[in-house]
Amino acid sequence: MSHQRSILFVLLVALAISILTVSGCNTGPPTRLYVLTSLTHVESVPQATGRRDVAIGVGPVELPQYVNRLQIVTGYNSPELYSADVAQWAEPLQDGFTRVLAENLSLLLATDRVVIFPWKSFVPEYQVVIEVTHFLGQTGGEVSLVALWSILRKNGKDVLVSKKSSFHESTGSSEYAALAAAMSRTVAALSRDIAAAVVTLQQ
């Protein structure tokens, strides 16, 4: 075998080993994607009995940066948090939180006039501003949501309502799907608090 052929043979063997190595690394479990989900019509009953054409603006909504990432972060009463290897959010968690809250308020207040900050189509009558200070859970344990929220008049300056809400939900399972569902239930509970406050303002 000539010297050039020997070099070519070695290179081909090295390439084959590299391909096999990469293929072996990809045989692990696939990454699963999860989303927060909004209320259904059944879950929203009874609806708030406010004015049906009320215009609501949702946002800005702020989440702690340690949870606002693609990897699902878990932890509860410990300073140590864990980032999942194969479980991710299908969208930034802050976007998902805002989307679900807006969908819930539309359903609970029976209005299609709900927009997400920044406004493009119209200026809402009420603006909901939220700072989430805690939004974590543990698979096979509990989820907790703590949020500081305010309802502002449409000028964005006059504060009509300002509250702190805290919610806890059991996951009921060690699966990440159950964790995401429990987190969605805490957002639903917050949505009901905000919807009730909007109805009170309309009376």
Side-chain angles (χ1 to χ4, degrees), residues 35-41 43-69 73 75-77 81 89 91-137 142-169 179-203:
V35 294
L36 295 177
T37 54
S38 56
L39 289 165
T40 65
H41 285 278
E43 292 172 318
S44 68
V45 175
Q47 291 179 332
T49 56
R51 200 178 72 242
R52 295 267 171 149
D53 62 344
V54 61
I56 304 293
V58 179
V61 174
E62 294 185 5
L63 265 65
Q65 287 305 306
Y66 57 80
V67 297
N68 192 33
R69 57 184 65 207
V73 176
Y76 202 70
N77 292 324
L81 303 178
W89 296 112
E91 62 186 331
L93 187 57
Q94 186 164 293
D95 293 349
F97 190 105
T98 306
R99 171 184 58 79
V100 168
L101 184 68
E103 291 172 356
N104 288 347
L105 290 177
S106 176
L107 195 60
L108 291 167
L109 294 169
T111 178
D112 292 330
R113 303 184 67 200
V114 177
V115 291
I116 292 175
F117 183 86
W119 332 130
K120 295 180 181 179
S121 53
F122 59 86
V123 177
E125 184 176 351
Y126 300 109
Q127 177 181 358
V128 182
V129 178
I130 302 172
E131 180 183 355
V132 176
T133 59
H134 185 84
F135 193 36
L136 274 173
E142 274 193 340
V143 164
S144 67
L145 167 64
V146 181
L148 307 174
W149 56 275
S150 300
I151 299 178
L152 312 179
R153 204 179 295 277
K154 64 180 179 181
N155 61 14
K157 296 179 181 179
D158 298 335
V159 178
L160 304 175
V161 178
S162 185
K163 290 186 64 177
K164 176 181 179 180
S165 295
S166 301
F167 307 98
H168 299 269
E169 284 283 342
L179 178 76
M183 294 175 79
S184 298
R185 290 195 296 272
T186 63
V187 180
L190 175 62
S191 304
R192 290 189 177 97
D193 268 10
I194 294 172
V198 171
V199 171
T200 300
L201 289 173
Q202 295 177 277
Q203 293 173 348

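- Contact record, G96 with L36: C-CD1, 4.1 Å, taken as the closest heavy-atom pair.
- In this structure, the separation between CG on D112 and CD1 on I56 is 12.5 Å, given to the nearest 0.5 Å.
- With rounding to the nearest 0.5 Å, the separation of CG in L148 from OG in S162 is 7.5 Å.
- Test L101, V61, D193 against W149 for side chain to side chain contact (heavy atoms under 4.5 Å, CB included) and you get one pass: D193.
- Scanning both residues, L109 and A195, for their nearest heavy atoms gives CD2-O, 3.7 Å.
- Between S191 and N104, the closest heavy-atom pair is OG-ND2, 3.1 Å.
- Atoms OG1 and CG, on T200 and L160 in that order, are 12.0 Å from each other to the nearest 0.5 Å.
- Closest non-hydrogen pair, T111 versus R113, comes out as OG1-N, 3.0 Å.
- The line from CZ of F167 to CE of M183 is 14.5 Å long, rounded to the nearest 0.5 Å.
- For residues 194-203, the set of pairs meeting the salt bridge (charged side-chain N to carboxylate O under 4.0 Å, His left out) definition, not counting sequence neighbours, is empty.
- Checked against salt bridge (Lys or Arg N to Asp or Glu O under 4.0 Å), E62 has no partners two or more places apart in sequence or in another chain.
- Note: N68 CG to Q94 CD = 5.0 Å, rounded to the nearest 0.5 Å.
- In terms of heavy atoms, F97 sits closest to V132 at CZ-CG2, 3.8 Å.
- One finds the CG atom of L105 at 10.5 Å from the CD atom of E103 (value rounded to the nearest 0.5 Å).
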- Query: Given R192 and L39, is the side chain to side chain contact (heavy atoms under 4.5 Å, CB included) satisfied, shown in steps?
  - Reply: CA-CA 10 Å; R192 290 189 177 97; L39 289 165; 3.5 Å; yes
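- Judged as a salt bridge (Lys or Arg N to Asp or Glu O under 4.0 Å), and not counting sequence neighbours, E131 has no contacts.
- Residues forming a salt bridge (Lys or Arg N to Asp or Glu O under 4.0 Å) with R185 (at least two apart in sequence, or on another chain): E169.
- F117 meets the ring-ring contact (aromatic ring centres under 6.0 Å, His included) test with W119; sequence neighbours excluded.
- For the pair I130 and I194, the minimum side-chain heavy-atom distance is below 4.5 Å.
- Residues passing the salt bridge (Lys or Arg N to Asp or Glu O under 4.0 Å) test with D158, sequence neighbours excluded: R153.
- By the 4.5 Å heavy-atom criterion applied to side chains, V129 and P60 are counted as neighbours.
- V115 places a side-chain heavy atom less than 4.5 Å from the side chain of S121.
- Across G75 and L81, no two heavy atoms sit closer than the pair CA-CD2, 4.0 Å.
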